[in-house]
> 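Pasting in a structure now, in structure tokens, and then I'll have a few things to ask.
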Amino acid sequence: MLGKLIRIGRAERDLTAQELADRAGISRTTLSSIEKGAPGPEIGIVFEVASLVGLRLFESDERMLQVHNSRLDEKLTLLPKSVRHAVKEVDDDF
């Protein structure tokens with residue numbers, strides 16, 4: 001869905017794929033992958049391209065962003081700091 005929104009944003013701004021790729025500093029092939037929703041491109045590059053076509057990734061209301069951020073902080077406080085699986089002891093007694 002994000003790739004499709006990026007493609008629509010590019011078309012609405014009358015940008016060719018090559019023009020947008022040049023502005024983002026990526027290849028036209030990478031832009032094509034982003035617009036197709038391929039899992040390969042790095043998320044930072046996808047966000048950069050989205051920003052270049054004016055796509056809003058987050059809530060525009062500053063107060064709502066703060067509320068969501070506070071909720072996430074509360075949830076992170078309740079979760080363990082790290083996840084570790086128990087290491088199985090090797091039975092090498094013959």
Side-chain angles (χ1 to χ4, degrees):
M1 189 167 87
L2 182 57
K4 290 176 185 177
L5 290 170
I6 289 171
R7 186 172 182 194
I8 289 168
R10 177 174 62 81
E12 289 176 345
R13 284 168 177 65
D14 292 324
L15 292 171
T16 67
Q18 189 61 55
E19 288 172 335
L20 181 55
D22 289 344
R23 287 185 183 186
I26 58 175
S27 70
R28 193 165 154 248
T29 304
T30 300
L31 178 61
S32 176
S33 295
I34 290 170
E35 290 183 348
K36 290 178 182 175
E42 293 179 13
I43 193 69
I45 293 171
V46 176
F47 283 178
E48 176 69 23
V49 172
S51 175
L52 287 171
V53 296
L55 186 61
R56 287 197 161 279
L57 298 174
F58 301 103
E59 190 80 35
S60 61
D61 181 14
E62 184 69 31
R63 193 176 68 73
M64 286 306 296
L65 278 175
Q66 290 174 349
V67 169
H68 289 304
N69 195 35
S70 294
R71 286 184 185 158
L72 291 173
D73 286 340
E74 289 170 7
K75 191 169 188 174
L76 285 170
T77 301
L78 297 174
L79 293 172
K81 296 286 183 205
S82 63
V83 177
R84 294 191 182 137
H85 297 284
V87 178
K88 293 182 180 180
E89 193 170 314
V90 178
D91 183 16
D92 60 356
D93 188 24
F94 299 104

> Are Val67 and Leu65 grouped together when hydrophobic residues (ILVMFWY) are joined by side-chain heavy atoms under 4.5 angstrom apart?
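Result: no, two separate clusters.
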
> If you measure from CG on Leu31 to CD on Gln18, what distance do you get to the nearest 0.5 Å?
9.0 Å

> Quick one: salt bridge (charged side-chain N to carboxylate O under 4.0 Å, His left out) partners of Arg7, sequence neighbours excluded?
none

> Less than 4.5 Å apart, any side-chain heavy atom of Ile8 and any of Leu55?
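When only atoms from C-beta onward are counted, Leu55 and Ile8 do not touch, as no gap falls below 4.5 Å.
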
> Would the distance check show the side chain of Arg28 and the main-chain N or O of Ala17 forming a donor-acceptor pair, the cut-off being under 3.5 Å?
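No.
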
> For Ile34 and Ile26: C-alpha separation, side-chain torsions, deciding distance, then whether side-chain contact (heavy atoms from CB on, under 4.5 Å) applies.
CA-CA 11 Å; Ile34 290 170; Ile26 58 175; 4.1 Å; yes

> For the atom pair CG (Asp22) and CG (Leu15), what is the distance rounded to the nearest 0.5 Å?
10.5 Å

> Please list, one pair per line, the donor and acceptor atoms closer than 3.5 Å that link side chains of residues 69-78 to other protein atoms, with sequence neighbours excluded.
unit_1, atom_1, unit_2, atom_2, d
Ser70, OG, Gln66, O, 3.0
Thr77, OG1, Asp73, O, 2.8

> Are there more than 12 heavy atoms of other residues, nucleotides or ligands under 6.0 Å from atom CZ of Arg23?
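Counting neighbours around CZ of Arg23, 12 or fewer heavy atoms of other residues, nucleotides or ligands fall under 6.0 Å, so no.
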
> Kindly compute the distance separating CG (Leu5) from CZ (Arg56), expressed to the nearest 0.5 Å.
14.0 Å

> Tell me the salt bridge (Lys or Arg N to Asp or Glu O under 4.0 Å) pairs involving residues 41-52, sequence neighbours left out?
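Qualifying pairs: none.
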
> Write down the atom of Ser33, the atom of Pro41, and the distance for their closest heavy-atom approach.
CB-CG, 3.9 Å

> Looking at every heavy atom in both Leu57 and Ala50, which two are closest together, and how far apart are they?
CD2-CB, 4.0 Å

